[in-house]
Amino acid sequence: MTRLSILVIHGMGSQEKYYSHPMREEINGRLGPQLAGRVTWGEVYWADVLKTRQTEYLDEAKQNNDLDFISMRRFMVNSVSDASAYRKTADKKDTVYGDIHSKVDAAMDKLDDPADPKRPLVVLAHSLGGHVMSNYIWDLQKPGAAPAGTSDFRLMNTLAGMVTFGCTSAFFAFA
């Protein structure tokens, strides 16, 4: 029986590590023990790339100003700003795009099994995570982008499906 890897990536907002575990448990429960035992799970947690800066910004703004609608401001800073911060630029100081892709790299490294390089991969991507994965795959598959000897699995050549929910990619089509 074929094994399957599932990679989960969150969207914008203040996510916590292990955010995917309730969904993982639900899906494994529906699969049953025999099939669930054939699934290897991975999680891309990238909220921490921006979280400290966002928190510091909001804290400073609250200290220096009498702010109303703090919950709306927190939403804007912790969610909507993720989408504006995630962009590829030529500015060497702006590393958000690469830092987030490094989180995907780390999750893929954990899933990669040299003994099973043809294992199918399914990506479950929420919101901005769908856009991140689209860019990640695009960048990775450019000629010469990946180091020699990179497995088919790591090159996303075994990607069997990408399920997006609430994907923001359409908003970036105008850039």
Side-chain angles (χ1 to χ4, degrees), residues 3-31 35-36 38-55 74-89 94-113 116-142 145-147 150-173 175:
R3 296 190 57 78
L4 173 71
S5 287
I6 299 177
L7 181 68
V8 182
I9 182 169
H10 67 80
M12 56 190 190
S14 297
Q15 305 299 325
E16 296 299 326
K17 225 173 184 182
Y18 312 116
Y19 65 89
S20 69
H21 286 205
M23 179 177 62
R24 180 186 305 193
E25 290 170 13
E26 174 73 21
I27 292 173
N28 281 342
R30 290 176 184 238
L31 290 173
L35 289 177
R38 308 291 301 169
V39 176
T40 305
W41 288 88
E43 177 182 273
V44 180
Y45 172 69
W46 59 265
D48 59 336
V49 170
L50 292 165
K51 192 174 200 170
T52 301
R53 284 186 271 177
Q54 292 167 334
T55 301
R74 188 174 295 111
F75 168 75
M76 293 301 289
V77 169
N78 292 336
S79 297
V80 177
S81 71
D82 286 355
S84 62
Y86 174 74
R87 73 215 182 289
K88 195 172 195 176
T89 69
D94 185 2
T95 62
V96 171
Y97 185 93
D99 291 348
I100 291 173
H101 284 208
S102 292
K103 299 286 187 164
V104 179
D105 279 334
M108 287 296 294
D109 285 344
K110 288 180 183 176
L111 285 176
D112 195 9
D113 180 1
D116 193 7
K118 300 287 187 192
R119 184 171 6 105
L121 171 67
V122 173
V123 173
L124 304 179
H126 177 248
S127 183
L128 186 60
H131 186 66
V132 168
M133 288 307 301
S134 177
N135 286 341
Y136 178 83
I137 295 165
W138 176 266
D139 290 350
L140 182 67
Q141 293 186 344
K142 287 180 184 171
T150 303
S151 71
D152 280 342
F153 181 81
R154 287 291 283 116
L155 288 171
M156 298 286 187
N157 289 335
T158 67
L159 182 65
M162 187 159 91
V163 180
T164 63
F165 29 105
C167 185
T168 59
S169 289
F171 296 129
F172 298 95

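Residues Leu4 and Val122 come closest through the heavy atom pair CD1-CG2, 3.8 Å. Contact record, Pro120 with Ala160: CB-CB, 4.0 Å, taken as the closest heavy-atom pair. Minimum heavy-atom separation, Ala145 to Leu140: CB-O, 3.7 Å. When all heavy atoms of Gly42 and Leu111 are compared, the pair lying nearest together is N-CD2, 3.8 Å. Closest heavy-atom contact between Leu31 and Leu35: O-CB, 3.6 Å. In plain terms, the two heavy atoms of Ser127 and Gly11 that are nearest each other are CB-CA, 3.8 Å.
Contacts of Asp139 classified as side chain to side chain donor-acceptor pair (under 3.5 Å), with partners at least two apart in sequence or in another chain: Tyr97. Qualifying side chain to side chain donor-acceptor pair (under 3.5 Å) partners for Ser151, counting only residues two or more places apart in sequence or in other chains: Asp112.
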Might you work through the side chain to side chain contact (heavy atoms under 4.5 Å, CB included) test for Val44 and Met108, ending with a clear yes or no?
CA-CA 9 Å; Val44 180; Met108 287 296 294; over 6 Å; no
Could you give me the CA-CA distance, side-chain angles and deciding distance for Phe153 and Lys118, then say whether side chain to side chain contact (heavy atoms under 4.5 Å, CB included) is met?
CA-CA 6 Å; Phe153 181 81; Lys118 300 287 187 192; over 6 Å; no
How far apart are the C-alpha atoms of Thr164 and His131, what are their side-chain angles, what is the distance that settles it, and do they pass the side chain to side chain contact (heavy atoms under 4.5 Å, CB included) test?
CA-CA 9 Å; Thr164 63; His131 186 66; over 6 Å; no
Could you walk me through whether Val163 and Val123 pass side chain to side chain contact (heavy atoms under 4.5 Å, CB included), step by step?
CA-CA 6 Å; Val163 180; Val123 173; over 6 Å; no
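Rounding to the nearest 0.5 angstrom, the gap separating the NZ atom in Lys110 from the CG atom in Leu7 is 11.5 Å. Separating the CG atom in Leu159 from the CD atom in Gln141 is a distance of 8.5 Å, to the nearest 0.5 Å. Atom CG of Leu50 is separated from atom CG of Asp99 by 8.5 Å, given to the nearest 0.5 angstrom. Here Ser20 contributes atom OG and Gln15 contributes atom CD; the two are 10.0 Å apart, rounded to the nearest 0.5 Å. Going from atom CD1 of Ile100 over to atom OG1 of Thr95 covers 9.5 Å, rounded to the nearest 0.5 Å. The distance from the OG atom of Ser134 to the CG atom of Leu128 is 11.0 Å, given to the nearest 0.5 Å.
The residues Lys51 and Glu16 are annotated as salt-bridged, a charged nitrogen and a carboxylate oxygen being separated by less than 4.0 angstrom. The pair Lys103-Asp48 counts as a salt bridge, with a side-chain nitrogen and a carboxylate oxygen less than 4.0 angstrom apart.
Taking the side chain as every heavy atom from C-beta outward, Asp116 and Arg3 approach each other to under 4.5 Å. At least one side-chain heavy atom of Met156 sits less than 4.5 Å from a side-chain heavy atom of Tyr136. The closest side-chain heavy-atom distance from Ile9 to Leu124 is not below 4.5 Å. With contacts defined as side-chain heavy-atom distances shorter than 4.5 Å, the pair Met133/Val104 qualifies. Residues Tyr86 and Asn135 meet the side-chain proximity criterion, which asks for heavy atoms closer than 4.5 Å.
Side chain of Glu43 to backbone of Tyr18: a donor-acceptor contact under 3.5 angstrom is found. Within the 3.5 Å criterion, the main-chain N or O of Pro22 finds no donor-acceptor partner in the side chain of Arg24. In this structure a side-chain-to-backbone donor-acceptor pair under 3.5 Å is present from Ser102 to Gly98. Listed for the Trp46 side chain is a donor-acceptor partner under 3.5 Å among the backbone atoms of His10.
Checking Arg119 against Thr158 by side-chain atom types alone, no donor-acceptor pair falls below 3.5 Å. Under 3.5 Å, the side chains of Asn28 and Trp41 contain a donor-acceptor pair of N or O atoms.
Residue Lys17 qualifies as open at atom NZ: its count of foreign heavy atoms under 6.0 Å is 12 or below.
Checked against the 6.0 Å centroid criterion, the rings of His126 and Tyr19 do not qualify as a close aromatic pair.
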